[in-house]
Amino acid sequence: MTDSADLFSAVTHASPAQDAIKIKALRAQLHRWAHEYYVKDAPSVPDAEYDRVFRELQALEAAHPDLITSDSPTQRVLGAVMQGLAPVRHAVPMLSIHTETDTEATGAQAFDARVRRELGLGESDPPVEYVAEPKFDGLAMSLRYENGRLVQAATRGDGEVGEDVTHNIRTIRQIPLSLPEGVPPLLEVRGEVYMRRADFDALNERQRERGDKTFVNPRNAAAGAVRQLDSGIAAQRPLSFFAYGLGAITPAAEGGPDFRTHYELLQQIKSWGFPVAAHVHIALGATELVAYHQQVGASRDALPYDIDGVVYKVNRLDLQRDLGFKTREPRWAVAHKYPAQEMATRVEGIDVQVGRTGKLTPVARLAPVFVGGVTVTNATLHNLFEIRKKGVRVGDTVIVRRAGDVIPEVVGVMPGHRSGYVKNFRMPSQCPVCGSAVVREKGEANHRCTGGLYCAAQRKEAILHFAARRAMDIEGLGDKLVDQLVDASVIRTLPDLYRMGLTSLIALERMADKSAQNVLAALEKSKQTTLPRFLFGLGIRHVGEATAKDLARHFGTLDAIMDAGVEQLLAVNDVGPVVAQAIHRFFEQPHNREVVEQLRACGVTWPEGAPAAKAPQVLAGKTVVLTGTLPTLSRDAARDLLEAAGAKVAGSVSKKTSYVVAGADAGSKLARAEELGVPVLDEAGMLALLGAPGACA
Ligand code: IVH
């Protein structure tokens, strides 16, 4: 019997009882890893390992459908589409809390004074102990666990009756589907479902790319996701969760836990596997509440999620019971808000800014408005399509949002505030900075300046790209130095690099004699280059390293490339209409040609060759994969030879691969080729195929 047959029998002949044990073990493993990853932010295994075990579990479950349970990690997205959201009556009402909006200390002091009065404490009594927490800006959620299994997730609704959103909440990886042994048989964990800012930005970026509606803020995006009827959609909207309290729970008299303080309760919730914010602190009296409010306020922008204030809660649960409720608000808790991160203001005009990469961004000039703690007078409108979609015109009253370090943006128009007819905004056809033509490529939302290195807005980026290791490789010319050189007007265009002398370099702040000399030496050395490096360094849109090589090989000389028409450019390997247009347009601009001429005049030079197009295209249309170490040719040299003969060199073997060229120590690619019956060649065989001299035919 062969090894593989042994393995086969081991998998298929394991008894169902053994599989059941294995399934349990895999689930426990995955639960632990998911908890480390999503809750503790401390992954202990690579994603690939998680995926492997996940697939193993899926396979075992497929073989034993009867063993699938609702708390298995494979069962988060069930693909169920609801007809509507069913009402859920909360076993314990979900209350709201009184809000203090004073930005000063008074909010905390007023609350502490009220609590002390209600508790009958005098001036000589010690300070009250509170728990201070961030007030997460999402939506309240009640998670009901029975015998350790998540059975229901409900929104707050009116506090008495919410909506059943279990199907969507199950997709949130931070929310456990099952709890460790020993949890109370009935347990409702309450907290906030929210969306992290980075997840929100990425989601909106995706929506924008697809031409779908963008979301106004993380809270709205989260609320929309939670109320989806189709859990498949909710699963694509990355949600997070923080627990901050309990609802119904098995009473202590029936074996449930008996917490003394709110803090203790939070620690217990955390140990059951729920995320609890790290910023939860015990604070003594009003003074420490004020300090907490200030401290969290100062770090608010740096948090990865939105908060709209902080919450103070009396720590001792017996005191909470003594204080009780006033109508629908507890007397033992209060929310202390921060200034809003969204405000309404008027658009006074729309300007266009040119970014470092040439992207044109429309920016709304605003009547000054205090939002997110600063006065904002400009807000991004992203691009023309966003303006159209939101319907923003000059004179409109708009909602401006500033959260975190994110650039303030216009999120929407307040309806009914437009007075009379205002013309729709149009993108300029010429760059407002350099006057070059503005284009928008097919399928792109953004307009771009074609000025490239000529455009002052793009100067720094262009120089850095030119100096990059894979372009002209000018050592020591990094972003700090480029910033200094451009800001001090030592350099305006690329040729200026080769014109600057020691004196202008030494005149820069923090530039020592020795480093200045090193930079000049690196510049001198960079003058001897290659055509592909030079071409790549020019930063022509869509011309990466590979295309630069293809162009050099095809045309042989720079002049031939500069004079090529779109048709001729299209004849180059892998150059399509968009790339051909971009190259043609670049060299059509007189100022770009001038830059090239000046660089040559400064002594930048490279060996020029005959156009390689004459090489017989014996491998046209073929795909070749290189693997292992060849006896004489380097990987790059082999690739160049193959590409020159018209082959496409790919990184992985598939049925479509024409040949695999294998050298010493070839591994999985060789095995794969043999498996698929792809012809395998050695170096000599490859050279023979290319018809190279010296190789046997
Ligand atoms: S405690 C009885 N703690 O703020 C007290 N609420 O009106 C129940 N919220 O929509 C709430 N962060 O979802 C509490 N750390 C926190 C909170 C918090 C956000 C929300 C809650 C509710 C509103 C309270």
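Read the numbers this way: they start at 1 and go in the same order the structure lists the ligands and their atoms. Basis for what follows: all heavy atoms, side chains included, without hydrogens, waters or symmetry-related copies.
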Arg401 and Asp306: CA distance, side-chain angles, deciding distance, salt bridge (charged side-chain N to carboxylate O under 4.0 Å, His left out) verdict: CA-CA 12 Å; Arg401 176 177 171 80; Asp306 281 0; 2.3 Å; yes
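- Residues with a heavy atom under 4.0 Å from ligand 1: Ser96, Ile97, Glu133, Pro134, Lys135, Phe136, Ala140, Glu192, Tyr244, Val311, Lys313, Pro330, Trp332.
- Remark: Asp199 engages no residue in a salt bridge (Lys or Arg N to Asp or Glu O under 4.0 Å) (not counting sequence neighbours).
- Salt bridge Lys390/Glu386: present, at least one basic N to carboxylate O contact under 4.0 Å.
- For Arg27, the salt bridge (Lys or Arg N to Asp or Glu O under 4.0 Å) test picks out Glu61, with sequence neighbours left out.
- The aromatic ring centres of His293 and Tyr338 sit less than 6.0 Å apart.
- Under the rule for a salt bridge (Lys or Arg N to Asp or Glu O under 4.0 Å), Arg116 has no partner lying at least two apart in sequence or in another chain.
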